[in-house]
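These notes are about the structure you will find just below.
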Amino acid sequence: MIKITFPDGTTKDYKKGITSLEIAEQINPGLAKEVYVATVNGEIYDLSRPLYNDSTLKLHKWDDEEARHAFWHSSAHLMAEALESLYPGIKFGIGPAIENGFYYDVDPADDTVITEADLPIIENKMKELASLNQIFTRKEVTKKEAFDLFTKKGDEYKTELINELEDGTITLYSSGNFIDLCRGPHLPSTGSVKAIKLTSIAGAYWRGDEKRKMLTRIYGITFPRQKMLDEYLVILEEAKRRDHRKIGKELELFSFSPKVGMGLPLWLPKGADIRQNLIDFLTRLLKKHGYKIVATPHIGNVNLYKLSGHYEKYGSSSFQPMSTPQEGEQFMLKPMNCPHHCEIYNVTPHSYKELPVRLAEFGTVYRYEQSGELHGLTRVRSFTQDDAHHFCRPDQLREEFKKIIDLILYIFKILNLNDFTAQISLRDPDNKEKYIGTDENWDKAEQDIISAAGEKNLITTVVRGEAAFYGPKLDFMVKDAIGRKWQLGTIQVDYNLPERFDLSYTGSDNQRHRPVMIHRAVFGSLERFIAVLIENTAGKFPLWLAPEKAVIIPVSDKFNDYALKILQILNNSDICTLIDDRSEKLGKKIRDNELKRIPYLLIVGEKEVENNTVSIRKQGDGDKGNMTIDEFVSFIKEEINKELSL
RNA sequence: GCCAGAGUAGCUCAGGGGUAGAGCACUUCCUUGGUAAGGAAGGGGUCAGGGGUUCAAUUCCCCUCUCCGGCUCCA
């Protein structure tokens with residue numbers, strides 16, 4: 001007998017060699033149908049794998065990530081089996097589960113091209129195979145056995161993977177006619193896969209290396225019930241409706257023109273208004289927090305970037321330098337503002353008493369991004385950073401860092417951005433040549449970031465190898481409507497530029513000292529930040545950000561004069577208001593302006609003229625009754641004040 | 001940059017080797033209305049651009065540009 005300990009601490013004895021599935025069945029036959037995989041002594045097991053020793057056991061249902069992971073991983077195998085029967089000779093790369101579903105990288109034989117049109121056919125084959133309810137069988141093999149099997153099969157990608165594995169840990173899984181190198185675990189059988197949708201198809205380099213062959217990656221998702229798939233597809237559709245590219249077009253916020261150039265956003269009046277509202281808001285806040293606003297040119301001498309190290313690092317993958325016709329001087333579009341700010345710092349001598357110096361700029365920068373990488377406003381070639389550089393004494397670094405965390409959290413809170421993650425990016429210890437600066441400085445900077453984040457109780461993930469080339473950083477990331485992760489706010493410690501620009505201050509000992517620099521941005525870039533705001537709000541911006549606060553709708557033409565009178569009062573009170581005096585019915589005008597996400601509609605007719613009022617309709621919230629104009633003006637101002645204070 | 005798909009009116013899209021279509025938007029007229037679509041008429045297109053095949057190309061083929069989905073990259 002063996003003793004099994006359940007998550008609630010209870011224990012029970014079972015005969016040796018029992019499987020998790022059998023245990024589940026004994027607890028409750030219904031439960032057995034809902035569990036997909038088990039954690040045994042902290043290791044994930046197939047339900048059908050026998051248990052020989054005393055163990056802790058946790059059974060995973062769909063709500064556990066472990067269960068979905070196994071479900072989708074098994075689905076990847078199912079798809080592979082379908083592909084193998086539809087495309088004889090097809091070779092397989094890797095086929096993992098991902099956050100939502102799974103993919104498999106494949107290499108069809110000869111010149112076969114799999115396109116989107118083929119997906120339903122593959123889907124149907126998968127459904128056919130799933131209905132056979134084939135058992136997943138696990139088999140431990142030696143390295144040689146595995147190698148021989150896939151060599152015989154001609155699967156060179158698999159043999160490459162096997163070569164890198166340690167002998168004694170290799171397992172194969174088979175289901176139906178398909179056998180795969182796989183760590184597992186898997187579902188007991190394919191029958192629980194009831195709903196299948198192959199979502200997209202794309203190219204992917206083998207092992208993520210652009211020098212190697214590009215395989216065909218097929219993405220899909222599966223569920224144990226059709227209803228769950230239907231719900232998932234509805235959520236996907238809704239997300240697409242929030243896509244900032246779509247809403248940006250609908251609401252006329254921004255545009256792109258091939259004549260201007262790809263990845264170069266054109267801000268239309270309404271989008272520019274939102275942008276300006278953000279700039280005004282942040283500028284006021286920064287001044288309160290001891291920042292000085294500066295402004296620098298859009299280009300800089302090539303030697304500036306040679307000094308900063310950017311040229312050496314990124315010169316060849318940047319917009320290339322331009323030359324002056326007579327003198328032959330070389331200038332670059334500025335890819336970042338920091339070198340300029342260093343030179344501003346250097347204009348005057350500094351005493352330890354005046355540090356930290358905080359220089360801020362809404363600086364437009366230009367970066368070459370590969371054409372295939374551009375994406376709406378989130379990935380562009382020209383964007384405006386809400387950039388700032390803090391020059392501080394080493395002893396001030398941690399406090400300063402914490403203050404910036406506070407500032408970022410404050411602004412995220414005001415804008416209701418609750419769904420972000422914080423990531424500490426450190427350098428890759430195995431690739432130190434990718435970075436500039438000494439080991440001592442890197443170690444110190446990394447420690448400072450980790451402890452500052454810790455002292456702020458920030459929940460962070462730590463990723464090695466993601467640091468900037470000049471220093472480690474703390475990034476605030478959010479997801480967009482289609483699940484892509486983007487970096488917004490960032491705080492980066494930098495010991496390197498102060499060296500390169502020979503920055504200094506005079507200490508209390510009357511000696512020359514080197515300041516530490518912090519690069520930081522709250523929004524990251526206005527472009528990316530507004531994209532995220534659009535998707536978070538679905539275009540229903542908070543009142544203070546909305547480009548147009550209200551539209552006056554006369555019930556009929558007879559009341560246009562009154563409407564115009566109100567329009568003037570509101571616009572004189574700095575409440576941007578429009579009038580919809582089209583000869584349309586009231587219902588039509590309300591509908592059109594609701595769809596434009598106008599925060600307030602002011603309906604005026606006979607009653608309003610008589611009482612000198614407006615009838616208020618709040619966006620998405622219907623009729624809110626009547627107010628006098630003065631009441632409405634203070635009502636609006638109060639709402640904006642409320643939005644901007646915590 | 002790489003792989004795959006797409007580009008038809010301002011927008012969303014249908015169509016298809018032989019006068020170019022719809023809805024919305026726009027213009028004009030009728031309607032003058034009370035909280036999410038009133039009616040009629042009209043204007044609007046080098047079917048992304050360039051080459052080819054053909055008696056004939058918006059449709060088929062090739063190239064370029066742009067966009068969409070990924071990959072790689074991302075100071």
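Order of the sequence lines fixes the chain letters, A, B, ..., with proteins taken first and strands second; residue numbering starts at 1 for each chain. These figures come from a predicted structure and were not determined experimentally.
Where stacking is scored as ring centres under 5.5 Å apart with planes under 30°, A:Y219 does not register as stacked on the base of B:G70.
A straight line from CD of A:Q385 to C1' of B:C74 spans 13 Å, rounded to a whole angstrom. To the nearest angstrom, P of B:G70 lies 12 Å from CG of A:N100. Across the protein-nucleic acid pair, A:W206 atom CH2 and B:C2 atom C1' stand 18 Å apart, rounded to whole Å. Residue A:K246 contributes atom NZ, which lies 13 Å from atom P of B:G69 at whole-angstrom precision. A:L251 places its CG atom 15 Å from the C1' atom of B:A25, with the value rounded to the nearest Å. Taking atom NZ of A:K249 as the reference point, atom P of B:A25 lies 18 Å away to the nearest angstrom. Between A:H244 atom NE2 and B:C67 atom C1' the separation is 13 Å, expressed in whole Å. Counting to the nearest Å, the P atom of B:A75 and the OH atom of A:Y435 are 10 Å from each other.
Base engagement by A:A202 is indicated by at least one non-hydrogen atom pair under 4.0 Å involving a base atom. A:E116 comes within contact range of no nucleotide atom at all, as no heavy-atom separation falls under 4.0 Å. Note on A:M262: only backbone sugar-phosphate atoms sit closer than 4.0 angstrom, heavy atoms only; bases stay farther off. Among the atoms of the strands shown, only primed sugar atoms or phosphate atoms (P, OP1, OP2) are found under 4.0 Å from some heavy atom of A:G208.
Separation of the P atoms belonging to B:G69 and B:A75 is 22 Å when rounded to the nearest angstrom. Across the C1' atoms, B:U35 and B:A22 are found 30 Å apart, a figure rounded to whole Å. Nucleotides B:G45 and B:G21, compared at atom P, are 14 Å apart to the nearest Å. When the P atom is used for both B:U27 and B:G15, the distance is 31 Å, rounded to whole Å. For the P atom pair drawn from B:C63 and B:A56, the interatomic distance equals 23 Å after rounding to whole Å. The gap from the P atom of B:C13 to that of B:G17 amounts to 23 Å, rounded to the nearest Å. Straight-line distance between the C1' atoms of B:C67 and B:U8: roughly 15 Å, to the nearest whole Å. Nucleotides B:A6 and B:A48, compared at atom C1', are 11 Å apart to the nearest Å.
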* **Sequence-aligned protein contact record of nucleotides 31-44 of chain B, with B where the base is within under 4.0 Å of a protein heavy atom and S where only the sugar-phosphate is** => BBBBBBBB------

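Salt bridge status for A:E99 with A:K479: present, with a side-chain N to carboxylate O gap under 4.0 Å. Salt-bridge formation is not detected for the pair A:K596/A:E548: no Lys NZ or Arg NE/NH1/NH2 atom is positioned less than 4.0 Å from an Asp or Glu carboxylate oxygen. Classification of A:E250 and A:R597 as a salt-bridged pair holds, one side-chain N sitting under 4.0 Å from a carboxylate O. Taking the charged nitrogens against the carboxylate oxygens, A:E610 and A:K607 have no contact shorter than 4.0 Å, which rules out a salt bridge. Salt bridge absent: A:E156 and A:K213 never bring a charged side-chain N and a carboxylate O closer than 4.0 Å. Residues A:E527 and A:R367 are not paired through a salt bridge, judged by the lack of any N-O separation under 4.0 Å between the basic side chain and the carboxylate. Salt bridge A:R217/A:D105: present, at least one basic N to carboxylate O contact under 4.0 Å.
The phosphate of B:C68 has neither OP1 nor OP2 within less than 4.0 Å of any side-chain N or O from A:R484. Dashed line: the shortest gap from a side-chain N or O of A:H375 to OP1 or OP2 of B:G69 is under 4.0 Å. In terms of phosphate contacts, A:Y205 brings no side-chain nitrogen or oxygen within less than 4.0 Å of OP1 or OP2 of B:C2. The shortest distance between the side-chain N/O atoms of A:K213 and the OP1/OP2 oxygens of B:C3 is not below 4.0 Å. In this structure, A:R245 reaches the B:C68 phosphate: one of its side-chain N or O atoms is under 4.0 Å from OP1 or OP2. For the OP1/OP2 pair of B:A4 and a distance below 4.0 Å, the side-chain nitrogens and oxygens of A:T115 include no atom meeting the criterion.
Nucleotide B:U19 carries a syn base; the chi torsion (O4'-C1'-N9-C4 or O4'-C1'-N1-C2) is within 90° of 0.
Taking the six-membered ring where the residue is Trp, the centroids of A:F635 and A:Y600 are separated by under 6.0 Å. Between A:F469 and A:H310, the gap from one ring centroid to the other is short of 6.0 Å. With ring centers used as reference points, A:Y345 lies under 6.0 Å from A:F391.
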* Asked: Is there a side chain to side chain contact (heavy atoms under 4.5 Å, CB included) between A:I518 and A:L397 once you walk through the steps?
  -> CA-CA 8 Å; A:I518 302 174; A:L397 177 65; 3.5 Å; yes

* Please step through salt bridge (charged side-chain N to carboxylate O under 4.0 Å, His left out) for the pair A:D592 and A:K588, ending with a clear verdict. => CA-CA 6 Å; A:D592 288 350; A:K588 166 78 166 162; 3.8 Å; yes

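Nearest-nucleotide positions on RNA chain B place A:L374 closer to the 5' end than the other of A:Q370 and A:L374.
On a pure distance criterion of 3.5 Å, no polar donor-acceptor pair joins the side chain of A:R217 and the base of B:C3.
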* Asked: Reading RNA chain B 5' to 3', how would its secondary structure be written in dot-bracket notation, given Watson-Crick and G-U pairs with both distances under 3.5 Å, brackets [ ] for crossing pairs and | for partners on other strands?
  -> (((.(((..((((....[..)))).(((((.......))))).....(((((..]....)))))))).)))....

